[in-house]
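The figures here come from the full heavy-atom set of this structure, side chains too, leaving out hydrogens, waters and symmetry mates.
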Amino acid sequence: MKRGAFVIGIDFGTDSVRAVIADAADGEVVSVSVQHYPRWARGLYCEPSENRFRHHPLDYLETMQAAITEATTRAGREVASRVRGIAADTTGSTPVLTDKRGVPLALTPGFREDPDAMFLLWKDHTAVAQAERINQTARTWGGADFTKYEGGIYSSEWFWAKVLHVVETNPAVSQAAVSILELCDWIPAVLTGCDDLGKLKRSRCAAGHKAMWHAEFGGYPADEFLARLHPRLVEFKASLGQETFTSDIPFGTISAEWAVKLGLPHDTLVAVGAFDAHMGAVGGNIKPHQLLKIMGTSSLDMVVAPRTRGPERLVPGICGQVDGSIIPGMMGYEAGQSAFGDVYAWFKRLLSWPLEVLLPSQTGTDPETRRVIGDALMDRILPELERAARELPLEDGSLLALDWMNGRRTPDANQRLKGALTGITLSTDAPRLYRALVEATAFGSRAIVERFRAEEVRLDSAIAIGGVARKSPFIMQTVADVMNMEISVCAGDQAVAVGAAMFAATAAGLYPRVEAAQEAMSPGTERTYRPDPARAQHYASLYPKYLELGGFVQRQLTRQDDAHP
């Protein structure tokens, strides 16, 4: 490739957007900017008690402009003038209802403060009932089961369920809407000035994993199937087209307006968008038959495998399998856990209650001193728990936890499930509880591996990226021991955004294939965790107990749901 070219990866997360400028020759990150969504930070448009989490479109537009502008300013005008491509990854499924030009309804008169006219964030679980109806209809309507390439279970976190919920509960938004856009499709449309729904290049990754798109179906689910859910879904489907695109393809060229706003060349190419986990897997240098774990508040587990001749083998209970969703030309598989780091954060909040509620009211010290003491103790809770838990001897497993604090994503999505703790005695202390929670998330990771292997998807090793992977040796060693699998941690803390930059470089023609961009731009491995044989054997004996506890909890909650529909 020609040296002296730079690319931009934009990573839209749950709380903030991150813009990375990377040297396309070797992947060196030359500039980074992180901007937090201002409305989200104030808790606007969300209601956690109802599992409602929405993002206003302006949060994305304002922070994207600020992040890229700051990143280019830090990199310098010479670097900015040599930017060749941009690619964006986003959370997903994060859809929005739009007008006939693809403009989110929250940016149009009459809907600017309506949460249902905004982006429905991936973690929004208001559509549990709608997801159950989709699953029931898929099995009984008499035609193809359109969920079969989505793992056979459609989730409340996904495209059609969320849209169906809005349509059924907000007639005004439903009547005004013309189409639906995933966030990863809207951002390239904004940057290129595309306001023609017929010319939008929709993400293969998003459509295949979350919207039941598949070549076998000729695109999205049949009109007859969608009509049984709601007639409006048929009308929306007509606006989606039938074709989808992998992210090595250019979406278009940056518009004159956004080139001026961002200070970028007018010939900068914008790639087709995709979800963060999938571009992150590329940034983590995933290879065939490797499991890549993105370990943050939740976990996302990605696998790529060469396509095989003959019928596509279905893997039940995962989050979809899509040709080209990760690396074009290969099958991409997605799984994950609805809560990972969030489990540890919950325990930290539990233990910090006295610091938040009692310490501020104590007398004898000034408020600033109390604040400093409280912040210092809060920062030490998890590191000290890890230190103490690491020193504990292996025990019989009577103290056991279940990691379904936010429902279960994989295997077999069920957002009604809850976490559990069993075997607590008067001698149970905080480090032991913490270790049980870590083991629970590791057992959840093993359940995903076991499901892939049961369906003959070969897994040889694992790669990890994300905050948990780089910050917690104790958690990483426990996961390696429980899965009995070597785990390599990717160097650098920008793997997801760098993955987007790799797609930007490919779409801009700097590399012929994504694999070539990976080879040149990968940051390499920071550390490798190898399973300890004795601990692996110990956890192998405990894993059936985890499954037994999970089965018990699921049966109890299912009975409750049946009794109280």
Output all residues satisfying ring pair (Phe, Tyr, Trp, His ring centres under 6.0 Å) with [X], sequence neighbours left out; order by chain, then residue number.
X	result
Phe119	Tyr60, Trp186
Trp158	Tyr154
His56	Tyr45

| said: Run the side chain to side chain donor-acceptor pair (under 3.5 Å) test against Ser298 and tell me which residues pass, sequence neighbours left out. | reply: none

| field | Partners passing side chain to side chain donor-acceptor pair (under 3.5 Å) against Thr525 (at least two apart in sequence or in another chain) | value | none

| request: Provide the full list of side-chain hydrogen bond (donor to acceptor under 3.5 Å, both in side chains) pairs with a residue in residues 338-355, sequence neighbours left out, each pair given once. | output: Tyr344-Thr441

Taking side chain to side chain contact (heavy atoms under 4.5 Å, CB included) as the test, write out the residues that go with [X], two or more places apart.
X	answer
Ala274	Ser203, Cys205, Ser247, Met279
Ala129	none
Pro95	Ser93, Leu120, Phe159, Lys162, Ile180, Glu182
Ala430	Phe347, Leu351, Leu385

| Which pairs pass salt bridge (Lys or Arg N to Asp or Glu O under 4.0 Å) with one or both residues in residues 30-46, sequence neighbours excluded? | Arg39-Asp59, Arg39-Glu62

| Sequence neighbours excluded, which residues qualify as salt bridge (charged side-chain N to carboxylate O under 4.0 Å, His left out) partners of Glu368? | Arg371

